[in-house]
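Before any comments, here is the structure.
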Amino acid sequence: MTVALLDCNSFYASCEKVFRPDLVERPVVVLSNNDGCIVAMSREARNLGIPRGIPLFKARSFLKEKNIEVFSSNYVLYADLSRRVMDLLSSRVPVMEVYSIDEAFLILDHLPSPPLPLCKELRDDIHRSIGIPSSVGVAPTKVLAKIAGDIAKKRSDGIFALGDVDVTGRGRPPAFGHEKDIDLVLGEIPVEDVWGIASGLARRLQERGIRTALDLKKVDDAWARGRITLTGLRIVWELRSIPSIVMEEVAPPKKGIMSSRSFGHPVTDLEDLLEAAGDYTARAAAKLRSQESVCRLIDVWLTTNRFREGDRQYSAGTVVSLEEPTDYLPDLVAAARKGLKSIYKDGYRYKKVAVFLSGIEGTKGRQGDLFRNPDPRKSALMAAADRMAARYGPGTLSCTIMRPSNDWQMRREMLSPPYTTCWDQLPQARTG
DNA sequence: TCTGGGGTCCTAGGACCC
DNA sequence: TCTGGGGTCCTAGGACCC
């Protein structure tokens, strides 16, 4: 197997630069929801030594001092550019897996063009037609392709092949094709940089002298099965060039759907919390319907701000069972409100409410309730709501009363315009 | 003043069944 | 005195990913 990992460089920051040519070589950072932390950085910003995940208020003076451009997250823009990248890839490579908003695995076997020229072409086309830079790692397995991708990011050509793959279409690969060459590379990779090995596992491995990807490749199978589970053993096999992690060409339906937000300001009033919970339920329910599912359970929880040590702390959650599996928003909102009322306590400064739909099953082929007939008006109403959302934006039709002064809304003080998804925000080109 | 929001998979342990 | 041996299903919690 020959698999490539194509990964967009500093994706959110690159998206912000697409319509701002004045920022090309400038440091750019993108914030999390609610303008809380720095979650993405352009290469220039990373080189200035800003740690990922640092709260904005701690970085503010540094950002100003270094004249760094700061953006609130604009997920509508990122999702739209991501879709364009994935569409371009799938038009050239029939077997692929969209792994995240900015990454895809591509199967390069049995294609007319050999892997390396094809990867170069894909990379150039994505840059030219969408404006997003990317890197590509090519290898016999997904885990090795991830490692190759990390190396590719540091190279000026943005491409790196690792392992016994016929990258040129002319027989043997030019370099790093033999087992000893792969091992030379793996010996330089710290074990915690391997995909699937995070700090906790890495610590346990290091205690046993397993410090590099090469050490991990050489562990005993039975030991790995017992100590790092089957998931870990699969990683070990993939390091040995044995494909063990399946390609998911079609995204499986979600088993749980979450919607939660931190508030722009602390919230004390139950009515505000109910309003927020209704809004989040609507977002989650729209996702549920878009994958043609219904849910049986709805979890609601709320919490105070754990970082404010002076505040009295409280957090609680509850699960509400629906009478029958449903995707009908008014029923879901009623259940969410009931759950929230049961856990709400007066006198706390709340920071966040979350809603989680679970017990999910497909709408098609579902066993009907013998004693109940589904009400056709309910599905017609939801279909109409979804059409209105598609046309006029999410939240156009709601079953929660939204008061104008809802100060639970998140902060987005440095938001870029929806350049690609809103007619009156299209960037204008000037001539002459 | 201000600290994100999604997801997945795995294991252990309890309840319950024959 | 001595108190089986499997299953399944569910939940909680941990670890990992972007």
Side-chain angles (χ1 to χ4, degrees), chain A residues 5 7-8 10-12 29-40 51-61 63 70-75 78-79 82 97-105 142-143 146 149-150 191-205 224-235 245-246 248 251-266 276 280 283-284 287-288 291 296-297 299 301 303-311 317-319 321 349 351-360 407 410-414:
Chain A
L5 174 73
D7 189 348
C8 299
S10 315
F11 185 59
Y12 296 171
V29 301
V30 179
L31 305 177
S32 64
N33 271 336
N34 212 32
D35 293 347
C37 312
I38 294 174
V39 292
R52 187 187 182 278
I54 189 178
L56 173 62
F57 73 91
K58 285 187 183 169
R60 209 159 225 155
S61 62
L63 296 171
V70 183
F71 289 94
S72 299
S73 44
N74 184 346
Y75 284 103
Y78 312 151
S82 171
E97 171 188 340
V98 177
Y99 176 64
S100 74
I101 194 165
D102 67 338
E103 287 168 84
F105 289 105
K142 290 168 110 179
V143 167
K146 272 278 201 182
D150 287 343
V191 74
E192 66 270 23
D193 289 355
V194 176
W195 185 40
I197 310 290
S199 56
L201 255 181
R203 202 178 335 105
R204 270 153 56 206
L205 290 169
R225 179 69 186 85
R227 301 305 294 270
I228 57 176
T229 79
L230 184 57
T231 322
L233 184 55
R234 290 204 179 104
I235 294 168
I245 300 176
V246 293
E248 287 183 339
K254 302 268 180 267
K255 296 170 181 172
I257 296 172
M258 159 105 90
S259 177
S260 84
R261 297 274 184 294
S262 296
F263 302 132
H265 304 279
Y280 305 165
R283 291 167 192 273
K287 276 193 202 170
L288 183 71
Q291 69 167 33
R296 197 159 40 79
L297 301 166
D299 271 60
W301 66 92
T303 176
T304 49
N305 187 348
R306 65 196 159 94
F307 291 105
R308 288 183 60 99
E309 287 172 11
D311 279 13
T318 185
V319 189
S321 301
R349 291 156 56 82
K351 178 63 179 168
K352 183 191 273 191
V353 162
V355 169
F356 184 70
L357 307 181
S358 64
I360 289 179
D407 66 2
M410 65 178 177
R411 265 193 302 272
R412 299 170 92 187
E413 285 166 5
M414 292 146 283

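Below, read A as the first sequence line, B as the second, and so on, with proteins coming before strands; counting in each chain starts at 1.
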> Roughly how many Å is it from CG in A:Asn33 to C1' in B:dG5, rounded to a whole number?
Replying inline: 6 Å
> Below 4.5 Å, heavy atoms only, C-beta onward: do A:Asn34 and A:Arg261 meet side chain to side chain?
Replying inline: no
> Tell me, do A:Arg349 and A:Thr304 make a side-chain contact under 4.5 Å, heavy atoms counted?
Replying inline: no
> If you check the A:Thr231 side chain, which of B:dT8, B:dC9, C:dC17 turns out closest?
Replying inline: B:dC9
>> Under 4.0 Å from OP1 or OP2 of C:dC18: is there any side-chain N or O of A:Lys146 that close?
In response: yes
> Considering only side-chain heavy atoms of A:Ser100, which listed nucleotide, B:dC10, B:dT1, C:dC18, is closest?
Replying inline: C:dC18
>> Pairing check on B:dC18: which nucleotide meets the Watson-Crick or G-U wobble criteria with it, both distances under 3.5 Å?
In response: C:dG5
>> Angle between ring planes, A:Trp301 versus A:Phe356, binned at 30° and 60°: parallel, tilted or perpendicular?
In response: tilted
> Which comes earlier along DNA chain B counting from the 5' end, the contact point of A:Glu248 or that of A:Arg60, where each point is its nearest nucleotide?
Replying inline: A:Arg60
> How do A:Thr229 and A:Tyr75 order along DNA chain B: which one's closest nucleotide is nearer the 5' end?
Replying inline: A:Tyr75
> Side-chain N or O of A:Arg296 less than 4.0 angstrom from OP1 or OP2 on C:dC10?
Replying inline: no
> Starting at OH of A:Tyr12 and ending at P of B:dG5, how long is that distance when rounded to a whole Å?
Replying inline: 12 Å
>> With a cut-off of less than 4.0 Å, is there a side-chain N or O of A:Ser199 near OP1 or OP2 of C:dA15?
In response: no
> Side chains of A:Tyr12 and A:Asp102: closer than 4.5 Å at any heavy-atom pair?
Replying inline: no
>> In this structure, how many angstroms lie between the C1' atom of B:dT11 and the CG atom of A:Leu201, rounded?
In response: 13 Å
>> In this structure, how many angstroms lie between the P atom of B:dG5 and the CG atom of A:Asp102, rounded?
In response: 19 Å
>> Nearest whole Å is fine: how far is B:dT8 C1' from A:Met258 CE?
In response: 12 Å
>> Between P on B:dG5 and CG on A:Asp35, what's the gap in Å once rounded to a whole number?
In response: 11 Å
> Taking OP1 and OP2 of B:dG6, is either one under 4.0 Å from a side-chain nitrogen or oxygen of A:Arg261?
Replying inline: yes
> So, is A:Ser260 close to the B:dG6 phosphate, meaning a side-chain N or O under 4.0 Å from OP1 or OP2?
Replying inline: yes
>> Let's see if you can work this out: which of B:dC10, C:dC17, B:dG6 has an atom nearest to the side-chain heavy atoms of A:Lys287?
In response: B:dG6
>> Expressed as a whole number of angstroms, how long is the span from A:Ile257:CD1 to B:dG7:C1'?
In response: 11 Å
> Under 4.0 Å between a side-chain N or O of A:Lys352 and OP1 or OP2 of B:dG5?
Replying inline: yes
>> I want to check one thing: is the phosphate of B:dC9, taken as OP1 and OP2, less than 4.0 Å away from some side-chain N or O of A:Lys255?
In response: yes
> Between A:Thr318 and A:Asp299, is any pair of side-chain heavy atoms under 4.5 Å apart?
Replying inline: no
> To the nearest Å, how far apart are A:Arg52 CZ and C:dC18 P?
Replying inline: 9 Å
>> Quick check for you: among B:dG5, C:dC17, B:dC2, whose closest atom lies nearest to any side-chain atom of A:Ser262?
In response: B:dG5
